[in-house]
Amino acid sequence: MNRKYRKTLIAGNWKMNKTPSETKEFMLAFKGLIPKGRWCDIALCVPAVCIPAAVRVMRETRVGIGAENCNANPSGAYTGEISTDMLVDAGCKYVIIGHSERRAMGETDQDVNQKTKAALAAGLVPIVCCGESLEQRESLVTEEWITMQIKYALEGIEADQVRKSVIAYEPIWAIGTGRTATPEQAEYGSKISRATTILYGGSMNDKNAEELLAQPDIDGGLIGGASLVPEKFLKIIEAANQDA
Ligand code: PEP
């Protein structure tokens, strides 16, 4: 981590897990675990229906609640979609954009760019995901691929706005597989920007977080599975708060 230039952020991505009742239960347990004092930024991105429960419990804490997706349009005939203004009004601070699971459902680089612009305009912190498949890594095109994804995602966005964004480098082959990138591989994708907070995502957990977060160009983590258990998520936060 490089606290001198960039913020440290530990963010959870719950994906399609937990009901609103389970969210309340988690948040109450997690709130009870967070010691007072100076901590890195903490975000929990939860399913849309769980946002109100999460915001209610976490009000007046340093934990920011986020969404897992948004629509780039301000309003209109987009059945089932949620705008960035709606997320802000519901109490969100963050939104994940371009997660590989959503890209696999058809989200394009252009969608990611439009959503990132809409999130920034609404005052949300976009957590923009990028990452290569195993096939791309084995074909040695990782660097070009990630550079292209980030270039598209941030096209037309002013530098001061880019600095407000967070990039999550998540090798697809490491997400939910228990197969973590080596600390060197995890850092590799993050050399793209010096001013923007860069997270690593992909099977980060309470056991390997310390080693991954020790890399100078990893400023935090985007955590799926391990963010569903308060004690595990807290351990990752504690690893981020050790002097790096
Ligand atoms: C993710 O979904 O962004 C993620 C990194 O998942 P996991 O930690 O479970 O690999």
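Ligands are counted one by one from 1 in listed order, and the atoms in each one are counted from 1 as well.
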Glu170-His99 side chain donor-acceptor pair, cut-off 3.5 Å = yes
Return yes if a side-chain donor-acceptor contact under 3.5 Å exists between Thr197 and Asp219, otherwise no.
-> no
Identified side-chain contact (heavy atoms from CB on, under 4.5 Å) partner of Arg62 from the options Ile42, Asp41, Ile34 | Asp41
Residue from Ile127, Ile97, Val95, Asp111 passing side-chain contact (heavy atoms from CB on, under 4.5 Å) with Thr116 = Ile97
Apply side-chain contact (heavy atoms from CB on, under 4.5 Å) to the pair Ile218 and Ile198, showing each step before the final yes or no.
-> CA-CA 6 Å; Ile218 299 178; Ile198 312 282; over 6 Å; no
In order of chain and number, which residues sit within 4.0 Å of ligand 1 by heavy atom?
-> Asn13, Lys15, His99, Glu170, Ala174, Ile175, Gly176, Gly201, Gly202, Ser203, Leu222, Ile223, Gly224, Gly225
Check: Gly131 main-chain N/O paired with Gln149 side-chain donor or acceptor under 3.5 Å | yes
